[in-house]
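Just below is one structure, and these are the notes that go with it.
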Amino acid sequence: MIENLYDKSDAGAWRAKAGSNEADQELAERVYTSRLIGQNRDLLMHGGGNTSVKVERANLFGVTERVLHVKGSGWDLDVIEAAGLPGVRLDPLLALRQLDGLSDEDMVNVQRCNLLDSTSPNPSVETLLHAFLPHTYVDHTHATPFLVLANLPNAEEVCREIFGDRLGIVPYIMPGFGLAKKAAEVFDSNPEVEGLLLLNHGHFAFGATAEESYGKIVGHTNEVAKHLEMTPPTSLRERKPADDLSVLPVLRGVIAEQARDVDAPMAVFDLRNGDDAQAIWKRDDVTALSTRGMASPDHVLRTKGRPLVLPESVWRKGREAIVQAVQDFEAEYRAYFDREAPRAKEPKTLLTPDPKHAWIEGIGVVGMGVNAKAAGAAADLAEQNMRVRMVGEDAGGFYPLGETDQFECEYWSLEQAKLGKGTPPRFQGRIVMVTGGAGAIGLATAKAFAAGGANCILVDLDEGRLAEAVAELGDWHQTYACDITKPGAAAAAMNHAVHSFGGLDILVSNAGSATGGALIEIEDDAFRSAFELNFFAHKEFSTAAAKLMRLQGRPGQILFNISKQAINPGKNLGAYGLPKAATMFLMRQLALELGDDGIRVNGLNADRIRSGLLTDDFIRERAKSRNVDENTYMAGNLLKREVEARHVGEAFVALACSERTTGHVLTVDGGNTAAELR
Ligand code: ZN
């Protein structure tokens with residue numbers, strides 16, 4: 001049962017926040033119930049579903065206009081704000097209904113031309129459907145129970161059984177003008193209906209108030225679930241611990257390998273391995289269900305029409321068997337394109353034929369995307385679709401859109417028009433692990449990579465500090481708390497990278513700590529523990545990362561934070577400089593040994609950066625002992641300017657971008673003749 005979470009006082013609070021304008025208040029309540037819908041994963045998944053409200057607003061001349069606020073593209077309902085529901089003048093939209101036909105390009109243009117705010121995102125492709133229905137509030141979802149119903153072979157019959165004539169039934173038409181017109185016709189034939197079932201697509205409900213429309217969405221969905229005797233999923237979105245995930249980095253590399261360009265990024269993975277994600281493997285119709293198609297048309301844009309299916313008997317055989325499975329998948333995809341493209345009105349460009357989600361026996365469901373966000377959306381839809389297929393098949397049959405309708409959505413002209421436009425961010429698709437990631441330099445480095453589109457994993461000792469750091473870094477990054485000097489820590493961290501994102505592209509082995517003291521005085525334990533952190537942890541993490549990169553079989557990178565101490569000793573810093581010197585040699589040795597794998601290994605020699613290592617107290621003391629003020633001390637270099645953590649982060653990024661550089665040390669110290677490499 002989906003709970004109706006509408007709360008009068010919450011709704012009132014949203015309205016109150018919106019000020020005194022009535023239209024703004026309606027819009028605020030629209031935001032409130034849109035979020036209620038978006039935050040329930042059984043009601044709504046990424047991209048699917050949209051909401052609207054019709055209001056009246058005075059324009060600049062004081063003339064009242066009817067305005068439709070409808071979800072804009074790029075916004076997700078769970079976190080939507082008023083700006084995510086752009087206002088469109090309603091009357092020009094209604095005038096379109098008299099047309100016999102309207103191209104998608106013309107439809108988008110009319111919608112944009114009638115925006116109240118010219119900078120708004122594009123209104124939803126289902127805008128006209130919202131416009132043509134007369135109700136103040138209109139809600140549209142692709143709820144799981146409705147997707148089961150919408151894809152039954154006798155969906156109309158079952159719908160009538162459940163709802164009588166309370167729901168209108170709209171045949172499948174691709175979203176756009178044609179669907180809007182047809183849905184309006186169905187509505188007009190019985191204006192008493194509470195909502196619409198869109199065959200092979202989803203559900204609409206509406207009402208005079210936000211509460212009424214939302215209540216119908218929830219109520220109708222529960223009625224369908226009850227009729228189908230659906231039990232709520234118990235483990236959606238679950239990612240539970242797993243020891244052996246080595247198939248994932250292999251698969252990640254194999255898929256990228258088919259694209260030929262050796263430097264092209266690999267996909268980011270999102271693993272779901274709760275019981276629900278494994279349920280399909282208890283059935284004997286896995287192959288049949290995998291090839292039927294997706295439960296709703298827009299799913300195909302994020303997931304392709306079918307999953308890559310990897311039974312345990314296949315992936316256990318190793319890389320070659322996985323290569324074969326991926327090549328078979330891609331050959332089938334190309335054949336589908338070759339069958340369908342000639343039927344289209346205009347020439348179509350083949351999309352990349354690689355899978356966007358996988359069912360892996362014994363592992364789970366994997367979503368794949370150009371970054372973690374896209375992979376998460378694909379995984380959400382993949383999980384939902386797996387469930388819809390199983391429930392639907394047992395309730396009479398899962399019969400989604402045929403191949404031709406699927407192709408029409410996947411190769412929709414407006415989607416095709418986006419191809420090749422814009423350059424993806426430099427580190428999109430790159431998974432970057434930073435040790436010491438909660439510290440000043442580590443976090444600045446992660447920020448520099450994240451700004452380029454990377455998904456990062458911050459590794460550090462303390463969970464609390466990691467939580468603060470990742471909050472600063474933003475969404476779609478991960479943390480891993482461990483003592484990097486403990487045996488097994490590196491392997492466990494690599495497993496975490498695979499578990500989180502499917503693999504690793506760049507390791508920034510950054511964590512370190514200075515131990516002071518003259519060599520003839522320092523305790524043996526302290527000296528050895530300095531080596532544990534400043535050398536052995538680097539060695540363990542870099543070799544573990546290299547092993548993982550070898551599984552992927554694609555280029556990767558290892559970057560070390562060394563230190564100027566490695567070549568320019570400071571008094572009483574021997575316990576720091578000695579292991580750092582060994583780390584510099586480690587960098588060179590690995591560059592030599594990993595070149596064949598396309599793994600580049602480089603390092604940075606930074607100096608005098610404010611951080612956990614060089615604290616404000618320490619700086620004060622140093623400056624005092626040299627008889628200079630703190631700023632002069634910090635700027636004690638050839639450039640006479642302080643070197644900040646962000647400069648180190650940017651230098652790591654510069655090394656990462658230097659595609660034909662390996663075995664190199666870059667200094668980031670503002671210039672220091674004594675610390676120059678020669
Ligand atoms: Zn839809």
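Counting starts at 1 for both ligands and their atoms, in listed order. Please read these numbers as outputs of a predicted model, since none were measured by experiment.
- Counted by atom type alone, Trp412 and Asp104 present one or more donor-acceptor pairs between their side chains at under 3.5 Å.
- Residue Leu228 holds its CG atom at 6.5 Å from CG of Leu152, rounded to the nearest 0.5 Å.
- In this structure, His201 and His142 have perpendicular ring planes: the angle between them is above 60°, well past the 30° mark.
- The aromatic rings of Phe407 and Tyr336 lie perpendicular to each other, with more than 60° between the two planes, well past the 30° mark.
- Taking the six-membered ring wherever Trp is involved, the centroid distance between the rings of Phe204 and His130 falls below 6.0 Å.
- Among Thr51, Thr33, Asn50, the one residue that satisfies the side chain to side chain contact (heavy atoms under 4.5 Å, CB included) test with Leu77 is Thr51.
- Of all protein atoms, those of element N, O or S that lie under 2.8 Å from the Zn ion (ligand 1) number 4.
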